[in-house]
Trainee: 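Okay, here's the structure, questions in a sec.
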Number of protein chains: 2
Amino acid sequence: MADDQRPGRGRRPTLMDVAEHAGVSRATASLVVRKSPLVSQTTRQRVEAAMAELGYVYNAGAARLRASRSRTVGVVVPNLTNPFFAVLIAGMEAVFETEDLAVILANSNEDIAKQAGFLKRMREHAADGVIVCPCEGSDRRLVEDAAKWELPLVQALRYVPETTSDYAGIDYREGMRDATERLIALGHRDILFVSGNRRHSARFDRLAGFCAAMEAHGFDAGGVVELRLTHTAARAAASTILDRQKRPSALLCFNDVVALGLHRGLLDLGLRLGRDVSLVGFDDVAEAALVLPGLTSVATRPFEVGENAARLLLRRIHAPAAAIERRIVPTRYVERESTGPAPAALDHGLGLP
Amino acid sequence: MADDQRPGRGRRPTLMDVAEHAGVSRATASLVVRKSPLVSQTTRQRVEAAMAELGYVYNAGAARLRASRSRTVGVVVPNLTNPFFAVLIAGMEAVFETEDLAVILANSNEDIAKQAGFLKRMREHAADGVIVCPCEGSDRRLVEDAAKWELPLVQALRYVPETTSDYAGIDYREGMRDATERLIALGHRDILFVSGNRRHSARFDRLAGFCAAMEAHGFDAGGVVELRLTHTAARAAASTILDRQKRPSALLCFNDVVALGLHRGLLDLGLRLGRDVSLVGFDDVAEAALVLPGLTSVATRPFEVGENAARLLLRRIHAPAAAIERRIVPTRYVERESTGPAPAALDHGLGLP
DNA sequence: CCGCGAAATTGGATCGATCCAATCCTAGGC
DNA sequence: GCCTAGGATTGGATCGATCCAATTTCGCGG
């Protein structure tokens, strides 16, 4: 209640002051702030009253120095600007908030040196653990170093190949395989995978899903093109993308940024989406439902992935020797008007490539 | 280089170990890590070599206990899920990263109790300062408490009325005034302001800009409607919004979320945007350029606001007594196809309301 | 070779909470 | 009335870096 400690008094009250004021020892006061069951009800109340009266503020730094835990976790993402990561972080934050853990956030900007720098800083701040969405070009040392340092680490959304750590992610492979199957079921044979130019597991898995479906049906999975992951790049690429020896009847995009850019680009060319050409995005961002015609997309649940990652980290912190766990959330195909049956076959009617 | 300290050795090397290994005193080693100019070149090199050899890790917690600075800042935003805030944070992060400051992030979720809780936590962690985007319902105590605690605080994007603290924001008022003027210049008289349902300075300022322009021309500024700030709510509201005694010829939206929702909703009703009705958004999100017809919007620069907020905080930390500063970035009107001349006057031709 | 000011270095005290082993109560059993 | 078990409490040592005042080293002119 009364937090009107003398303002000019200079020094913030310490646990020592609280103890004195409550007529107990430092050690007992310490037990109270830590909510230990060892103190009696009456003592606890007396100390808490003293804390309120003096306007006591817990000094986490001092505690950390003596104790092992710091009640701090680190989060490193490669691109804060991307709304997808923002939601991911919101999911983590929601979990950590309930545990009273402070989240130290860092943006690696897909820069491996920066990422390493942040990990160093997290160690300096004695973070209890870190969640990393490894930036492009990360290698095994990321995980190995953390192990050496005994720093609990979970990977989220992406993983470094051949590493073993807890992992929370999305079933990119199955999501993309499913989407491909849907297109195939609509009669599409020449499907182009419009990928981003970044090399990481999230891209690799998606591509693998696409290839798996295509090859399962004996179709050519070679239709892959790479773009920068921006609306403008995708929009501008619309015309060149259709200019292939075998013109694709469907475009399967790495994510909705690419898909929405192409959406506009294709409309600019006078094409009818869902009729002349089918278009599928990935992530199912809110705007996918707003554009006309609506963009078919594969819904992912980044918030949930964030929650999973946070829970995995909590578990790892409490049980450093527990078995490795991977939590993969499934995707959901959301059909809208941008997809439709393949146009009547022209030059490729007989199923032979 | 060689960071292969004996893994099982248990204890991490301390400055003391480094000093011993380099043949200097603790105090000198401390000066080296702090990059003090007081040590000689040769000593510095010797100590740095020892640090590398032992795999020394700076203990920020211990330093914080003794020193006053903690090299940590707090950031509190009301809604991490909103991409707008994600970009804002990215801007702050970019500045703090260059200063080697750790960012503790918190999401208040527009919940005043949570916001207060975070501020408490930031004090416990002895943050050097905080940036707050005050959640709805914040009052002067936010700023007054921070002052009492001698905690440097800057407000970003929103401010609590009648408070004096550093502030980094956007010129919402002028942006909205300008947009209103543009619509008036196109002949619009019945303009409806489609607002969000949140009460904070960012809303108030926008509304003020709208009213200022309308009243300057002697038009009725009473056309204001409130919606939940989601695509779906806006989309669903399209039909009821036009159902007013005097049907508006132009809609001026609180932000692009509302505008994009209405964009789709109006198209669903068979209206031609830019002809039958004009639509203006706010923020100029990437998707505004992608929808058809393109959405006219007022561009803001959240990244820059984030940078500004971070710089203000740095300045305040270094000079706690400096004069209050407010940095407002201007907006830019981006005209696209969703706006056009007012349709020929039907029932309101004579300029009288 | 001395002296002197500036530069470089140092030991001890300190920040504030936690750990640990030891001590103090206090009821309840005999 | 004595003893004991176990719950409650406590003082001292400690974590690792920084501050501060004091001391040593160095360079160089006289």
Side-chain angles (χ1 to χ4, degrees), chain A residues 5 9-48 50-51 54-72 100 121 123-128, chain B residues 5 9-48 50-51 54-72 100 121 123-128:
Chain A
Q5 81 272 38
R9 240 292 235 82
R11 208 170 50 84
R12 280 191 350 187
T14 73
L15 252 197
M16 176 73 124
D17 299 325
V18 170
E20 229 162 63
H21 194 270
V24 298
S25 75
R26 247 171 327 135
T28 305
S30 174
L31 291 174
V32 172
V33 287
R34 280 179 286 159
K35 305 199 192 309
S36 157
L38 287 161
V39 289
S40 69
Q41 269 306 322
T42 48
T43 312
R44 159 159 295 129
Q45 282 167 3
R46 214 146 33 107
V47 173
E48 277 168 355
M51 285 178 16
L54 296 178
Y56 170 71
V57 179
Y58 183 72
N59 185 328
R64 153 176 341 177
L65 179 57
R66 192 66 179 81
S68 40
R69 291 200 60 183
S70 74
R71 307 207 66 75
T72 287
D100 217 48
R121 192 178 305 170
R123 283 182 81 203
E124 295 183 351
H125 283 274
D128 290 335
Chain B
Q5 83 270 42
R9 238 293 234 82
R11 206 170 51 84
R12 279 191 352 185
T14 74
L15 251 197
M16 176 72 125
D17 299 326
V18 170
E20 228 163 62
H21 195 270
V24 298
S25 74
R26 246 172 329 131
T28 303
S30 174
L31 291 174
V32 172
V33 288
R34 279 180 287 159
K35 305 200 193 309
S36 156
L38 286 160
V39 289
S40 70
Q41 269 307 322
T42 48
T43 312
R44 159 159 296 129
Q45 283 167 3
R46 212 143 37 107
V47 173
E48 276 168 354
M51 285 177 19
L54 296 177
Y56 170 72
V57 179
Y58 183 72
N59 185 327
R64 150 175 346 175
L65 180 56
R66 192 66 180 80
S68 39
R69 295 199 55 182
S70 74
R71 306 207 67 75
T72 285
D100 218 49
R121 192 179 304 171
R123 283 182 82 203
E124 294 182 351
H125 282 275
D128 290 335

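None of these values were measured; they are calculated from a predicted model. Residue numbers start from 1 in every chain, and the chains themselves are labelled A, B, ... in the order their sequence lines are given, proteins ahead of strands.
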Trainee: End-to-end bend of the helix from C:dC1-D:dG30 to C:dC30-D:dG1 (five-pair axes, 10° rounding)?
Mentor: 50°

Trainee: Using salt bridge (charged side-chain N to carboxylate O under 4.0 Å, His left out) as the criterion, list what pairs up with B:Arg69, not counting sequence neighbours.
Mentor: B:Asp128

Trainee: Checking A:Val57 now: which residues fulfil side-chain contact (heavy atoms from CB on, under 4.5 Å) with it, not counting sequence neighbours?
Mentor: A:Arg12, B:Arg123, B:Glu124

Trainee: Got a sec, which residues hit side chain to side chain donor-acceptor pair (under 3.5 Å) with A:Thr14, two or more places apart in sequence or on another chain?
Mentor: none

Trainee: Going by the rule side chain to side chain donor-acceptor pair (under 3.5 Å), which residues pair with B:Arg26 if we only count those two or more places apart in sequence or in a different chain?
Mentor: none

Trainee: Could I get the full list of side chain to side chain donor-acceptor pair (under 3.5 Å) partners for B:Arg34, not counting sequence neighbours?
Mentor: B:Ser30

Trainee: What nucleic acid atoms does B:Thr28 come within less than 4.0 Å of, heavy atoms only: base, sugar-phosphate, or nothing?
Mentor: base

Trainee: Heavy atoms of chain B, cut-off under 4.0 Å: which first and last nucleotide of DNA chain D, 5' to 3', fall inside that, if you could look?
Mentor: D:dG16 to D:dC19

Trainee: Heavy atoms only, 4.0 Å cut-off, all strands: where does B:Ala63 land among base, sugar-phosphate and nothing?
Mentor: sugar-phosphate

Trainee: DNA chain C: B:Ala62 or B:Val39, which has the more 5' nearest nucleotide?
Mentor: B:Val39

Trainee: Is it the case that the side chain of A:Arg64 and the backbone of A:His125 share a donor-acceptor pair, with hydrogens and angles ignored and the cut-off at 3.5 Å?
Mentor: yes

Trainee: Output all residues satisfying side-chain contact (heavy atoms from CB on, under 4.5 Å) with A:Glu48, sequence neighbours left out; order by chain, then residue number.
Mentor: A:Val32, A:Arg44

Trainee: Is there a side-chain polar atom (N or O) of B:Thr43 under 4.0 Å from OP1 or OP2 of C:dA8?
Mentor: no

Trainee: Return the 5'-most residue of the pair B:Arg46, A:Ala27 with respect to DNA chain C, ranking by each residue's nearest nucleotide.
Mentor: B:Arg46

Trainee: Counting the atoms with a prime plus P, OP1 and OP2 as sugar-phosphate, which does A:Arg34 contact under 4.0 Å by heavy atoms, base, sugar-phosphate, or nothing?
Mentor: sugar-phosphate

Trainee: By side chain to side chain donor-acceptor pair (under 3.5 Å), which residues pair with A:Ser25, not counting sequence neighbours?
Mentor: A:Thr28

